[in-house]
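Within every chain, numbering begins at 1; the chains are lettered A, B, ... in the order of the sequence lines, protein sequences first and strands thereafter. What's counted below: heavy atoms across the whole structure, side chains too, no hydrogens, waters or symmetry copies. From a predicted model like this one, the values you see are computed outputs, not experimental measurements.
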Amino acid sequence: AQKVTQAQTEISVVEKEDVTLDCVYETRDTTYYLFWYKQPPSGELVFLIRRNSFDEQNEISGRYSWNFQKSTSSFNFTITASQVVDSAVYFCALKNRDDKIIFGKGTRLHILP
Amino acid sequence: EPEVTQTPSHQVTQMGQEVILRCVPISNHLYFYWYRQILGQKVEFLVSFYNNEISEKSEIFDDQFSVERPDGSNFTLKIRSTKLEDSAMYFCASSEAQRVGAEAFFGQGTRLTVV
């Protein structure tokens, strides 16, 4: 079965704090991709990152970083020095040989000024 | 930058009415998708479409739903007789290829409210 679990339903942190959003996935396939999307209050889905199952290198993009650990089937997302504009719902997602993206339930992140 | 465009952004319809949600995918993309997000819940796959036919559909996509690519640019989702539980945000997406890692570009969504 394919599944994405985001155990944190809601997180609140004060601006400038670092925050990590957890994602654990399940799949039988050896070839798959993992994604993170941001959904701001306006509702659209904003693509953040794509990672393939053969590349376990961590990635950093500005204040964002991603930690892919195949051994624990996790793909965690860290925002460093958070800002109010980071407030949104963040979805982790999985795509394998099936022609569809499987989303987690999302983590609602509140950045407090 | 090319983008997927959805219209309308918000539609209110009475229960039992037919509704058509419209999408203009990115022009050189060949694979099209509809996803649904009930308020406060996760985004769920509805259907994928390629070469003028459905390639995969979920259990949500029952006989009340249909998709069509009526011309070279639009991709539509029709709900024949809307129910209250069809109220959701509907996202269209398109992809250049079907390979596992091909990025799907999402539209901004259509919020459907059934009253």
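Heavy-atom contacts from other residues, nucleotides or ligands closer than 6.0 Å to NZ of A/Lys38 number more than 12. Other residues, nucleotides and ligands place more than 12 heavy atoms under 6.0 Å from the CZ atom of B/Arg69. More than 12 heavy atoms of other shown residues, nucleotides or ligands fall within 6.0 angstrom of atom CD in A/Glu10. Enclosure of atom CG in B/Asp63 is not indicated, since only 12 or fewer non-hydrogen atoms of other residues, nucleotides or ligands lie within 6.0 angstrom. Heavy atoms of other residues, nucleotides or ligands lying less than 6.0 angstrom from CD1 of A/Ile60 number 12 at most. Remark: A/Lys3 NZ is loosely packed, at most 12 non-hydrogen atoms of other residues, nucleotides or ligands lying under 6.0 Å away.
The line from NZ of A/Lys100 to OG of B/Ser55 is 11.0 Å long, rounded to the nearest 0.5 Å. Distance check: B/Phe106 CZ to A/Phe47 CZ gives 10.5 Å after rounding to the nearest 0.5 Å.
Residues A/Gln39 and B/Phe91 are in side-chain contact: their nearest non-hydrogen atoms beyond the backbone lie under 4.5 Å apart. The side-chain heavy atoms of B/Val43 and A/Tyr37, taken from C-beta on, include no pair separated by under 4.5 Å.
B/Gln108 touches chain A through backbone and side chain together, each having a heavy atom under 4.5 Å away.
Remark: the backbone N or O of A/Ile101 is paired with a side-chain donor or acceptor of B/Tyr35 at under 3.5 angstrom.
The heavy-atom pair separating A/Phe91 from B/Gln37 by the smallest distance is CZ-NE2, 3.2 Å.
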